[in-house]
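Order of appearance sets the numbers: ligands from 1, and atoms from 1 within every ligand. Throughout, residue positions are numbered sequentially from 1 according to the sequence presented.
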Amino acid sequence: MASYDLVIIGTGPGGYVCAVRAAQLGMKVAVVEKNATLGGTCLNVGCMPSKALLHASEMFEEAGHSFAKMGISVSEPKLDLPAMMNFKQQGIDGNVKGVDFLMKKNKIDVIHGKGKVLGTGKVEVSGGDGKTQVVETKHIVIATGSDIARLKGIEIDEKRIVSSTGALSLDKVPSSLLIVGAGVIGLELGSVWHRLGAKVTVVEFLDRILPGTDGEVAKQFQRILEKQGFAFKLGAKVTGVDTSGKTLSASVEPAAGGAAEKLEADVVLVCIGRVPYTEGLGLKEAGVALDNRGRVQIDLHFATSVKGIYAIGDVVAGPMLAHKAEDEGVACAEILAGQAGHVNYDAIPGVVYTTPEVSSVGKTEEELKQAGVAYTVGKFPFTANGRSKVNQTTDGFVKILADAKTDRVLGVHIIGREAGELIHEACVLMEFGGSAEDLARTCHAHPTRSEAVKEAALAVGKRAIHM
Ligand code: FAD
Ligand code: NAI
């Protein structure tokens, strides 16, 4: 029987990063993966394929609509969807091979098959060939990630009624796409298909898009998306989809109840969140406790209710983000090696990779109000940023929230081009407990979009220069 210091179930960004860090710290490590390829949701059907399609569709849109005003004359771009899907697949393959390489480089054993916890120190792996093996290990980390949440009565066939997975692989551009849920997936994948020619309607249960993000940012984002051509039906829910006709017919009702209306669409994308994935893991039999939302319950050191069994990533509480899973993987491996691994949950950035992008870190204005914290706001629009003006990409703003007494930065929210890159100086600042004054006095290169971040910090003290 093979024996290890650590066996990790799942090779998404949580699992494979945990494996690499544990190997660096001298542990003998194996990973167990049920899918044919390593990398989990993120690399195979999540972050990476969606970003490849967002990039390619943005280039398509730019070539069709933005080149002429810069004096670049090209004939109308034609879409070759199979080639675009091939571009996406090459990106996936490159990253998946990268994880294979990291496993070899760090002498981590890869065991293909479905893992099941047999209790402290034992994992059973069932291969596709029907054979099972049991491996012995000092520690087990559960990193099995998450799965799509389903809507009762609406069956996902991944052809006409799709989840994010099907929406990443449609074989033709639907003339109309109905999206259920105005969260991150709906707005990112809605952007992809809208740019490629689909008429997009988003039905959202709440009275706003992107719940959890700063309200002012979400409002501006909705306006920009509407200008691009998105249609939103807020405060509404899809209660059923009739698949009998050539086009789908969805019943949409007010969230509070009332008369239903019918919306026709070629494709319906259901993206109403994700749920922890624990199927077949044997957690109940092993005595591993779950919380009231089916997530593996852990303490501050990622330990479950059973000795020697730990859990990280989407399968535990917290934002379902790849970088959160990675950081937990590192911290968990360090704790197992006797070090002081730690994740600062107050400084985890979030990014929506649309055009413009939306990014944030720390508290929103609504959260500060609710907590009764006195704060000051510094805001700076990209219309006043020189680089944005010359590039003619001036949508959006930077908003900084600082403690009214101490000036410590509590939250940063950006909507604008490259917002996903701009957010990281705020993350570093917040990790060091920095103030708006610290940011305002840091020299920023000119001309950059980052100057808008500095100006927003200056605006906290009511002394922005270019506004
Ligand atoms: P996962 O990546 O889900 O990996 C879990 C792995 O465990 C899988 O490979 C699975 O096959 C395996 N597994 C499960 N059970 C077993 C078992 N019993 N035995 C063996 N193996 C098992 N996050 C971001 O931060 N940025 C983004 O841009 C982003 N874009 C996304 C786009 C889409 C369309 C989706 C769906 C998600 C996106 N996410 C994004 C979220 C991100 O993918 C997840 O937060 C991340 O993958 C979680 O990592 P994980 O390691 O916890 O789990
Ligand atoms: P989400 O939680 O972001 O959004 C789901 C939306 O659906 C919410 O606005 C919710 O109010 C709405 N909703 C729920 N039930 C509904 C119903 N019956 N009818 C209408 N609307 C309903 O979930 P999403 O977009 O599915 O993404 C899942 C996870 O994947 C997210 O937690 C996110 O963190 C992660 N992800 C991250 C990305 C990124 O970081 N760029 C990109 C894509 C996904």
Answer yes or no: does an N/O atom from Glu33 fall short of 3.5 Å to an N/O atom of ligand 1? yes
Does Pro211 have a non-hydrogen atom less than 4.0 Å from ligand 2? yes
For ligand 2, which part of Ile209 has a heavy atom less than 4.0 Å away: the side chain, the backbone, both, or neither? neither
Min N/O separation Lys51 to ligand 1 under 3.5 Å: yes
Would you mind running through ligand 2 and noting each atom that sits below 4.0 Å from a heavy atom of Tyr353? 41 (N)
Min N/O separation Thr41 to ligand 1 under 3.5 Å: yes
Residue-ligand contact Lys324/ligand 1, heavy atom below 4.0 Å: no
Just say parallel, tilted or perpendicular for the rings of Tyr310 and His139, cut-offs at 30° and 60°. perpendicular
For Val180, the ligand 2 atoms whose distance to one of its heavy atoms is below 4.0 Å: 19 (N), 20 (C)
Which atoms of ligand 1 are found less than 4.0 Å from any heavy atom of Gly313? 52 (O)
Tell me which one of Lys237, Glu204, Arg274 gets a heavy atom nearest to atom 6 (C) of ligand 2. Glu204
So, Lys88 versus Ser169: side-chain donor-acceptor pair below 3.5 Å or not? yes
If hydrogens are left out, which of Cys47, Ser359, Gly273 has an atom nearest to atom 2 (O) of ligand 2, that is, the closest non-hydrogen atom? Gly273
With a 4.0 Å cut-off, would you call Arg417 and Glu58 a salt bridge? yes
Say whether Gly14, considering both its backbone and side-chain N or O atoms, lies within less than 3.5 Å of an N or O atom on ligand 1. yes
Test of understanding: given a 4.0 Å heavy-atom threshold, classify the contact between Pro49 and ligand 1 as side chain, backbone, both, or neither. neither
